Engineer: 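What follows is a structure written as structure tokens; I'll ask about it next.
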Amino acid sequence: MPNTPHERRKAFKALLAGPGPLVLPGAYDAFSARLVEKAGYPATYLGSFAAAASAFGLPDVGLLTLNEIAEQARRVVDAVGVPVLADAENGFYDAPNVWRAVKVFEDAGVAGVHIEDNLGGKHTSMPAGLLSVEQMANKVRAAVDARTDPDFLVIARSDAAWVEHDLEGCVRRLEAYAAAGADMVFAPAIPATDLKRVRDRIPVPVMVPGDLLDVPGSDEPSSTIAQYGEAGADVVLLWYTVIGAASKNVAAVLDALREGNDVAAVKHLVTEQHAFEAAMGYDEYEKRSARYASGQEAPA
């Protein structure tokens with residue numbers, strides 16, 4: 001199991017080089033990251049949507065600071081032994097600021113970050129816009145220049161496919177960001193059928209969101225993980241599924257209890273306590289504690 005940030009970054013690059021798409025469930029805090037790891041996934045992710053909701057109870061509308069997101073990412077990194085990707089929003093303002101953002105996320109131990117060309121308005125009905133291609137390319141160049149570990153991934157996200165409903169424009173942006181030095185690109189809202197048609201034009205690995213979501217105003221069904229794999233996606237990111245599952249199940253338990261049901265009625269929805277403790281590492285703590293129990297010899 002890799003331990004240092006550099007080793008985890010090398011491990012993530014090795015995963016990218018493997019066969020088939022890498023499925024990356026998004027954690028929302030340290031414990032959910034442990035569950036992702038325990039389930040056998042070789043890497044995880046922290047997005048601003050999940051960080052804002054879990055750490056602050058806030059919507060993902062650009063309210064979190066660089067340090068707030070990075071600190072949540074650090075907690076996730078410290079809780080697991082697998083590589084962690086993180087959401088660096090728009091790099092936190094202009095290209096010079098991207099330098100500090102990359103340093104902060106590198107220090108947090110993540111394997112890489114994605115930076116977007118979106119000017120705001122995600123997850124709301126507010127009008128959205130995009131940075132110019134050259135402005136975003138400069139942010140990518142700044143991120144590449146700023147990293148001290150060459151294995152730290154700089155991922156460029158373009159939202160042109162849904163902001164401007166322009167597949168061709170999105171592909172041109174992804175090409176430009178790759179030319180500016182991005183190690184991978186992230187392209188939301190490109191269905192698998194469209195990705196398959198343009199994949200050979202994108203010279204770096206491609207990450208896509210794979211959550212099956214009902215998007216208001218969209219008649220396009222969500223593509224499945226298998227379809228994205230066939231289309232040439234390298235990473236399928238499940239940024240919402242884990243926190244969405246937590247929200248639905250906690251709400252179901254609370255609703256049932258409020259309706260007058262006994263705790264026994266919701267037992268099937270609740271993790272058994274010893275299983276929960278095992279996932280938290282209580283057994284390791286007990287073993288370590290036993291080494292220092294009264295009358296025991298100190299460890300060599």
Side-chain angles (χ1 to χ4, degrees), residues 16 24 45-49 51-52 60-66 69-70 73 85-106 110-124 126-190 194-195 198-209 233-235 237 239:
L16 274 181
L24 204 62
Y45 166 81
L46 179 73
S48 62
F49 185 98
D60 183 24
V61 290
L63 301 176
L64 269 58
T65 66
L66 164 61
I69 297 180
L85 288 188
D87 181 353
E89 298 274 56
N90 62 3
F92 297 91
Y93 312 113
D94 55 12
N97 295 74
V98 172
W99 275 75
R100 179 165 185 264
V102 168
K103 173 173 172 42
V104 169
F105 278 106
E106 265 197 320
V110 301
V113 295
H114 64 76
I115 298 170
E116 65 196 39
D117 57 13
N118 196 312
L119 291 174
K122 291 182 300 180
H123 312 297
T124 74
M126 300 295 291
L130 300 175
L131 284 170
S132 72
V133 174
E134 186 56 32
Q135 285 175 307
M136 179 61 184
N138 279 334
K139 287 192 177 190
V140 172
R141 294 185 187 101
V144 171
D145 287 346
R147 65 185 174 191
T148 60
D149 185 344
D151 289 312
F152 181 90
L153 291 179
V154 173
I155 305 164
R157 167 177 169 164
S158 179
D159 285 348
W162 69 268
V163 171
E164 298 181 341
H165 306 286
D166 183 2
L167 174 64
E168 184 59 30
C170 184
V171 174
R172 287 197 298 270
R173 282 175 173 269
L174 298 179
E175 290 174 318
Y177 303 161
D183 303 293
M184 181 160 64
V185 292
F186 181 20
I190 296 183
D194 288 341
L195 178 63
V198 302
R199 179 64 186 90
D200 61 353
R201 293 172 52 190
I202 305 170
V204 294
V206 175
M207 181 164 70
V208 294
D234 299 276
V235 179
L237 177 64
W239 61 270

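This one's a predicted model, so the numbers in the text were calculated from it and none came from an experiment.
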Engineer: Return the CG to CE distance between Leu153 and Met207, rounded to the nearest 0.5 Å.
Structural biologist: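 Going from CG on Leu153 over to CE on Met207, the span is 9.5 Å.
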Engineer: Output yes when Arg147 and Glu106 qualify as a salt bridge under the 4.0 Å nitrogen-oxygen rule, no when they do not.
Structural biologist: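 Result for this pair is no, no salt bridge flagged.
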Engineer: Could you go through Leu16 and Val235, starting from their C-alpha distance and side-chain angles, then the distance that decides it, and tell me whether this counts as side-chain contact (heavy atoms from CB on, under 4.5 Å)?
Structural biologist: CA-CA 8 Å; Leu16 274 181; Val235 179; 3.4 Å; yes
Engineer: Has the side chain of Arg141 got a donor or acceptor atom that lies under 3.5 Å from a matching backbone atom of Val144?
Structural biologist: no
Engineer: Which class fits the ring pair Tyr45 and His114: parallel under 30°, tilted 30 to 60°, perpendicular over 60°?
Structural biologist: parallel
Engineer: Shortest non-hydrogen contact from Leu174 to Ala187?
Structural biologist: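 Scanning both residues completely, I find the closest heavy atoms to be CD1-CB, 3.9 Å.
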Engineer: Minimum heavy-atom separation for Tyr177 and Ala137, please, with both atom names.
Structural biologist: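 So the minimum-distance heavy-atom pair works out to CE2-N, 4.1 Å.
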Engineer: Pick one: which of Val171, Val206, Leu167 meets side-chain contact (heavy atoms from CB on, under 4.5 Å) with Leu195?
Structural biologist: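 That would be Val206.
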Engineer: Any carboxylate oxygen within less than 4.0 angstrom of a Lys/Arg side-chain nitrogen, looking at Asp234 and Arg199?
Structural biologist: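 Judged by the 4.0 Å cut-off on N to carboxylate O distance, Asp234 and Arg199 do form a salt bridge.
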Engineer: Measuring from Ser158:OG to Asp166:CG, what's the distance to the nearest 0.5 Å?
Structural biologist: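 The distance works out to 9.0 Å.
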Engineer: Please name the pair of heavy atoms, one in Ala95 and one in Ala142, separated by the smallest distance, quoted to 0.1 Å.
Structural biologist: O-CB, 3.5 Å
Engineer: Does Asp117 reach the main-chain N or O of Asp159 with its side chain, forming a donor-acceptor pair under 3.5 Å?
Structural biologist: yes
Engineer: Say you draw a straight line from CG of Leu64 to CG of Asp87; how long is it, rounded to the nearest 0.5 Å?
Structural biologist: 10.0 Å
Engineer: Is there a side chain to side chain donor-acceptor pair (under 3.5 Å) between Asn97 and Arg100? Walk through the geometry before answering.
Structural biologist: CA-CA 6 Å; Asn97 295 74; Arg100 179 165 185 264; over 6 Å; no
Engineer: Please round to the nearest 0.5 Å and tell me the distance separating atom CG of Asp94 and atom CG of Asn138.
Structural biologist: 10.5 Å
Engineer: Enter the distance from Ser48:OG to Ile69:CD1 here, rounded to the nearest 0.5 Å.
Structural biologist: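 That separation rounds to 5.5 Å.
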Engineer: Identify the heavy atoms of Pro188 and Ala161 that sit nearest to each other, and give their distance.
Structural biologist: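 Answer, listing the atom of Pro188 first, then Ala161: O-CB, 3.7 Å.
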Engineer: Side-chain contact test, heavy atoms from C-beta onward, threshold under 4.5 Å: evaluate it for Leu24 versus Trp239 and give yes or no.
Structural biologist: no
Engineer: As an exercise, state the distance from CE of Met136 to CD1 of Ile115, rounded to the nearest 0.5 Å.
Structural biologist: 6.0 Å
Engineer: Under a 3.5 Å distance rule, please check whether Asp183 uses its side chain to pair with a backbone N or O of Ile155 as donor and acceptor.
Structural biologist: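 Not confirmed, Asp183 side chain does not pair with Ile155 backbone.
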Engineer: Is there a side-chain contact (heavy atoms from CB on, under 4.5 Å) between Phe186 and Leu237 once you walk through the steps?
Structural biologist: CA-CA 9 Å; Phe186 181 20; Leu237 177 64; 3.8 Å; yes
Engineer: Mind running side-chain contact (heavy atoms from CB on, under 4.5 Å) on Thr65 and Phe92 for me, showing each step along the way?
Structural biologist: CA-CA 8 Å; Thr65 66; Phe92 297 91; 5.6 Å; no
Engineer: What's the shortest heavy-atom distance between Ala73 and Phe105, and which atoms?
Structural biologist: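 That would be CB-CE2, 4.4 Å.
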Engineer: Give the C-alpha distance, both sets of side-chain angles, the deciding distance and a yes or no for side-chain contact (heavy atoms from CB on, under 4.5 Å) between Leu131 and Asn90.
Structural biologist: CA-CA 10 Å; Leu131 284 170; Asn90 62 3; 5.6 Å; no
Engineer: Do you know which two heavy atoms are closest between Val110 and Ala86, and how far apart they sit?
Structural biologist: CG1-CB, 4.0 Å
